[in-house]
Amino acid sequence: MKFTKGEIEGLWVIEPKVFGDHRGYFMESFQRDRFTAETGQDIQFVQDNESLSSKGVLRGMHFQKPPHAQGKLVRVISGAVLDVAVDIRKDSPTYGKHQSILLSGENKTQFYIPPGFAHGFLTLEDNTLFSYKCTNFYHPESEGSLAWFDKDLAIEWGDIAPVISEKDRDADAFASFVSPF
Ligand SMILES: Cc1cn([C@H]2C[C@H](O)[C@@H](COP(=O)(O)OP(=O)(O)O[C@H]3O[C@H](C)C(=O)[C@H](O)[C@H]3O)O2)c(=O)[nH]c1=O
């Protein structure tokens, strides 16, 4: 399991060790002691989520406000996504900046996104199974979202007309956003 610091302070990219043999493969998808030792944080995950999406679905850019903010350890079990984390910590030197990363069933790469980031992804294949661990419970009243197409965030999704939820259609513009972090 290889841990690499992300492009923005607090983000981590994790590459699990995959044991392939004539039957298929085995890997430890999460190991608390390693995660704590490598990140230097004793992070407690309390909820696992899973979503299945066809190609061209965009879910994001979402976050929960403190005290219900969530850290997320995200991965793709099958299919592929362009995963994006936006720094919305108002005192951060990288406020408004983002990291994009390809996560897929093939590369098995994982992405840890701490509280203080808006998160979203665009699916690149049909039947993309997305799975993630959260450090806090779902609290819908605390949900916030930023517009995935916001010009100030300047996320390069490619030339897309994504399938999105009503909630994401009405997301906030970054220019008028007042960060709760
Ligand atoms: C997130 C969540 C949702 N729900 C229910 C609420 C709705 O009835 C239904 C679909 O929820 P939503 O449309 O918010 O799902 P996504 O658009 O995939 O939301 C997620 O998208 C991005 C990628 C994120 O990082 C967040 O984890 C989360 O906001 O599941 C629950 O019961 N528990 C939950 O934890």
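Just follow the structure's listing: the first ligand is 1, and inside any ligand the first atom is 1.
Under 4.0 Å from ligand 1, not a single heavy atom of Asp168 appears.
Under the 4.0 Å distance rule, the nearest protein heavy atom to atom 11 (O) of ligand 1 falls outside the cut-off. Per-atom contact check: atom 30 (O) of ligand 1 does not touch the protein, criterion being a heavy-atom distance below 4.0 Å. Protein heavy atoms all stay at least 4.0 Å away from atom 8 (O) of ligand 1. At a distance under 4.0 Å, a protein heavy atom can be found next to atom 24 (C) of ligand 1.
Ligand 1 has a nitrogen or oxygen under 3.5 angstrom from a nitrogen or oxygen of Tyr132. For ligand 1, the polar-atom distance check finds an N/O of His119 within less than 3.5 Å of one of the ligand's N/O atoms. Remark: ligand 1 and Gln70 share no N or O pair separated by less than 3.5 Å (distance only, no angle test).
Taking the six-membered ring where the residue is Trp, Phe35 and Phe30 present tilted rings, their angle falling between 30° and 60°. Between Phe63 and Phe177, the two ring planes are perpendicular [angle over 60°; tilted spans 30° to 60°].
Which parts of ligand 1 touch Lys72 is read off a 4.0 Å heavy-atom cut-off, strictly below it: atoms 24 (C), 25 (O), 26 (C), 27 (O). Atoms of ligand 1 found under 4.0 Å from any heavy atom of Phe121, numbered from 1 in the order shown, are 23 (C). Contact atoms of ligand 1 toward Asn49: 35 (O) (distance under 4.0 Å to a heavy atom of the residue).
The one candidate from Val86, Asp83, Ile8, Leu73 that meets the side chain to side chain contact (heavy atoms under 4.5 Å, CB included) condition with Ile113 is Asp83.
Both tests pass for Lys108 against the ring of Tyr25: distance under 6.0 Å to the centre and angle within 45° of the axis.
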Item to complete: Dump the intermediate steps for side-chain contact (heavy atoms from CB on, under 4.5 Å) on Leu124 and Leu102, then the final yes or no.
Response: CA-CA 9 Å; Leu124 305 174; Leu102 175 69; 3.5 Å; yes

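What sits closest to atom 6 (C) of ligand 1 on the protein, heavy atoms only, is Tyr138 OH, 3.3 Å. For atom 15 (O) of ligand 1, the closest non-hydrogen atom on the protein side is Arg59 NH1, 3.9 Å. With respect to atom 13 (O) of ligand 1, the closest heavy atom belonging to the protein is Lys167 NZ, 4.2 Å.
Between Asn49 and Tyr138, the closest side-chain pair of non-hydrogen atoms is not below 4.5 Å.
Here the straight-line distance linking atom CG of Asp42 with atom CG of Asp33 works out to 9.0 Å at 0.5 Å rounding.
Close to ligand 1: Gln47, with a non-hydrogen atom less than 4.0 angstrom away.
The distance between the ring centers of Tyr95 and Phe174 falls below 6.0 angstrom.
Of the candidates Glu143, His62, Glu166, His62 brings a heavy atom nearest to atom 22 (C) of ligand 1.
Looking at Lys167 and Glu143, a side-chain N of the basic residue comes within less than 4.0 Å of a carboxylate O on the acidic one, giving a salt bridge.
Looking at every heavy atom in both residues, Pro180 comes nearest to Lys65 through CG-CG, 3.7 Å.
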